[in-house]
Amino acid sequence: MSTTPDSAVRAYLDSHRDAFLDDLAEWLRIPSVSADPDRAPDVRRSAEWLAAKLTGTGFPTAEIWETEGDGLPAVFAEWPSGDPSAPTVLVYGHHDVQPAAREDGWHTDPFAPQILDGKLYARGAADDKGQVFFHTLGVRAHLAATGRTAPAVNLKLLIEGEEESGSPNFPALIEKHADRLACDAVIVSDTGMWSRDTPTVCTGMRGLTDCQIDLYGPDQDIHSGSFGGAVPNPATEAARLAAALHDADRRVAVPGFYDGVIELTGRERELFAELPFDEEEWLRTAHSHATLGEAGTTTLERLWARPTAEVNGIGGGYQGPGGKTIVPSTAQLKLSFRLVAGQDPAAVQQAVRDWVAAQLPPGIRHEITFWGATRPCLTPLDHPALQSVVRAMGRAFGQKIRFTREGGSGPAADLQDVLGAPVLFLGISVPSDGWHAPNEKVELDLLMKGVETAAHLWGDLAETWQRT
C-alpha cells in the first residue's frame, strides 16, 4: 500500500531514530570547547567526525575548512540537486560548545550523554550539535519519502568551529569562500522556539556594536579641596554621559541614532501579541523586579524590534575602603548598542563619536574604542522561503506556527551581508534546555520534530520557490 509523504517520513524516522541518537551521542562525547586552547585538538576531531558522517549521509562533498592563524576548523558540505531551476539553500550551525565540568553543577558528566525521561543531557545537545545533526536524518527521510536520489534543492552546510568564542574568523572565512557558499537562502539552525507548546519561527536578530570611552582630566589625581569645583572631573563627566544617554521617554538621545530604523507594522505587532507572554514569569527569568524601557512600546517590542543603548560599566577614581578626597585623573564608560533592521553600525558608531565630543567640556580629553559590529537581520513575513519553513514546521508539529524575533546578535548577519541572501531560522530548542548552563539538554520528541521539519522543507522550497 502506498503511503503519503508525511507517513513515509514518519515511518523512516521511526526505523532510524535509535541509530541517529547513537550517532549524536558519539559526537557529543567529543569535548569541542573552542574557548579552551587545550581543547583545540578536540574541536578538530569534532570537525573530522562530522565531515565523515556527512559523507556517510550521502553528501558527495564534505570538507574541512581551515580558518586564519590558529583558528579552529569549520565543515562545509554540498549536495547538488541536479535540477537547474532548484533553489540553493545553505544551512548554518556550529560544532563547538561552551566549557562544561561536573563541578559546575551538572548532575552527570557533561560529555557522557545520558537519556533521562525523554531528554538527552550533554553539553551541545541543543547548542548546537543536536540542531545541526537533525539535518542529516532529515535529508535522508526527504529522499526516502520522495524516492529521490538527491535533495530537491541544492543543499549546502557550513558548520562553524568558533561560534562559542565569538566567531573571530567567520567573516573572513565566508568572504574567502563566498563563491562556493553562494545561495538563495540561509537556514540558521542555532536558535529555539517560544516553548514546546508554542512552536515558533524567528524572523530576525538585532545587531550589536559596543565601545569603551576613556576620559582624561588632570594629569594626575589632585586634591578635591584645593582644586575641586574649579577643574573638570572625568568621573563626573562619565556619569553625565551615562545620564544623558536617554531622554525622559527612555529613548536613546544620540542624534541620528534612529536613522533608517524599520518600524514594526501593525501586523507584526498583532503577531507578537498572539504569543502567550507572561510578564511576571519573564521578570523572574530576568531576575528583575519591574519592566522599564522606551515609552509607548511593549516588553517584547523593546526586546526584539527596538534599538537600545546600555551602560555596561562605569568607573573612575578611588574605589577602596573609606574616603579619598580627590579629583581623579581618569574615568571609563562602557556602552553597548543593540541595533535593528535599517540601522547601519558604522553610522551609529559615528553618531556616538559626534555625540560624546559634543557633550564633553574643555579640559576633558577622550578616546573611544569600538570592538567591531554585527549587523541586524530581518526576513519579511511574506518571503517565500520563510513561508516554506512555516509550512514545513506546521506539518511536523500539527499546529499553527507563530513568529518571534531574537533580542541578541550572532553571525547570521555576516552570512546575509556577504552572500546577499535572506536568513531564516529553524530551531526546536526551548528555553528550559539550558544553553551555556549546567545540565544542558534537548527534548527528544522536539528533536525529531526538527528532523521531520527538515524532511518536509526541501521539497516545499523546490515546489514554491523555483528560480527562473
Side-chain angles (χ1 to χ4, degrees), residues 1-29 49-50 52-59 77 79 89 91 93 113-122 124-126 128-153 155 157 187 189 192-193 195-201 388-401 426-430 432-433 441-463:
M1 183 177 72
S2 64
T3 60
T4 66
D6 287 45
S7 60
V9 165
R10 293 187 182 115
Y12 188 89
L13 300 190
D14 288 344
S15 61
H16 292 80
R17 179 180 184 274
D18 290 346
F20 165 77
L21 293 178
D22 287 345
D23 285 343
L24 175 57
E26 182 179 321
W27 194 20
L28 291 169
R29 291 188 185 99
W49 186 97
L50 178 59
K53 189 58 62 176
L54 291 173
T55 298
T57 296
F59 282 84
W79 197 339
V89 181
V91 174
Q114 290 195 26
I115 294 176
L116 300 169
D117 299 323
K119 303 171 181 64
L120 173 60
Y121 289 87
D128 183 36
K129 288 180 177 178
Q131 300 201 96
V132 166
F133 202 57
F134 73 58
H135 286 285
T136 63
L137 184 55
V139 69
R140 297 203 308 270
H142 162 65
L143 300 179
T146 60
R148 298 181 58 93
T149 57
V153 299
L155 186 58
L157 274 66
I187 302 290
S189 284
M193 307 189 305
S195 71
R196 63 173 297 111
D197 298 321
T198 306
T200 54
V201 171
S388 287
V389 173
V390 171
R391 282 191 295 269
M393 283 193 75
R395 289 175 68 178
F397 282 86
Q399 65 185 95
K400 181 178 179 178
I401 306 301
L426 170 56
I428 49 73
S429 183
V430 290
S432 62
D433 282 345
K441 54 86 175 171
V442 68
E443 304 203 10
L444 295 184
D445 59 339
L446 297 183
L447 185 64
M448 300 311 292
K449 293 295 185 186
V451 175
E452 193 173 345
T453 299
H456 295 314
L457 179 56
W458 312 133
D460 192 296
L461 278 168
E463 292 169 9

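It should be emphasised that the depicted structure is a prediction, and the values quoted were computed from it without experimental measurement. Numbers here simply count residues along the sequence, with the first being 1.
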Subject >> Point-to-point distance, once rounded to the nearest 0.5 Å, from CH2 of Trp79 to CG of Leu143 >> reply: 4.5 Å

Original post:
Can you name the one residue among Val451, Thr453, Leu457, Leu426 that meets side chain to side chain contact (heavy atoms under 4.5 Å, CB included) with His135?
Top reply: Leu426

**OP:** Could you tell me whether Asp433 and Lys119 make a salt bridge, using a distance below 4.0 angstrom between a side-chain N and a carboxylate O?
**Re:** no

Original post:
Distance-only, no hydrogens or angles: does the His16 side chain make a donor-acceptor pair with backbone N or O of Tyr12 under 3.5 Å?
Top reply: yes

Original post:
Which residue pairs satisfy the salt bridge (Lys or Arg N to Asp or Glu O under 4.0 Å) criterion with at least one member in residues 134-144, sequence neighbours excluded?
Top reply: none

**OP:** Would you check if the side chain of Thr198 reaches a backbone N or O of Ser195 as a donor-acceptor pair within less than 3.5 Å?
**Re:** no

Original post:
Could you state the interatomic distance from CG (Asp460) to CZ (Arg395), rounded to the nearest 0.5 Å?
Top reply: 7.5 Å

Subject >> Set of salt bridge (Lys or Arg N to Asp or Glu O under 4.0 Å) partners for Lys449, sequence neighbours left out >> reply: none

Original post:
For the residue pair Ala122 and Leu28, what are the closest heavy atoms and their distance?
Top reply: CB-CD1, 4.0 Å

Original post:
Checking side chain to side chain contact (heavy atoms under 4.5 Å, CB included) for the pair Asp6/His456: CA distance, chi angles, key distance, verdict?
Top reply: CA-CA 8 Å; Asp6 287 45; His456 295 314; 3.8 Å; yes

**OP:** Mind listing the closest non-hydrogen atom pair of Phe59 and Leu155 along with its distance?
**Re:** CZ-CD2, 3.8 Å

Original post:
Would you say Met193 and Ser429 make side-chain contact, with heavy atoms under 4.5 Å?
Top reply: no

**OP:** Please assess Leu24 against Leu447 for the test side chain to side chain contact (heavy atoms under 4.5 Å, CB included), listing each intermediate value before the final yes or no.
**Re:** CA-CA 11 Å; Leu24 175 57; Leu447 185 64; 3.9 Å; yes

Original post:
About how many Å separate CE of Met448 and CG of Leu13, when rounded to the nearest 0.5 Å?
Top reply: 4.5 Å

Original post:
Lys441 side chain to Ala126 main-chain N or O, any donor-acceptor pair under 3.5 Å?
Top reply: no

**OP:** Give a yes or no on whether Asp14 atom CG has more than 12 heavy-atom contacts from other residues, nucleotides or ligands under 6.0 Å away.
**Re:** yes

Original post:
At their closest point, which heavy atom of Trp27 faces which heavy atom of Lys129, and how far apart are they?
Top reply: O-NZ, 3.1 Å

Original post:
Where do Ala77 and Leu54 come nearest, in terms of heavy atoms and distance?
Top reply: CB-CD1, 3.7 Å

Original post:
So, the side chain of Gln399 versus the backbone of Asp197: is there a donor-acceptor pair under 3.5 Å, distance only?
Top reply: yes

Original post:
CG/Asp23 to CZ/Phe133 distance, rounded to the nearest 0.5 angstrom?
Top reply: 4.5 Å

Subject >> Check ion pair Glu452-Arg10 (N to O, under 4.0 angstrom) >> reply: yes

Original post:
Are Phe20 and Phe134 close enough that their ring centers fall under 6.0 Å?
Top reply: no

Original post:
If you look at every heavy atom in Val9 and Ala145, which pair is closest and at what distance?
Top reply: CG2-CB, 3.5 Å

**OP:** State, to 0.1 Å, how close Leu120 and Ala125 come at their nearest heavy-atom pair, and which atoms those are.
**Re:** O-CB, 3.5 Å

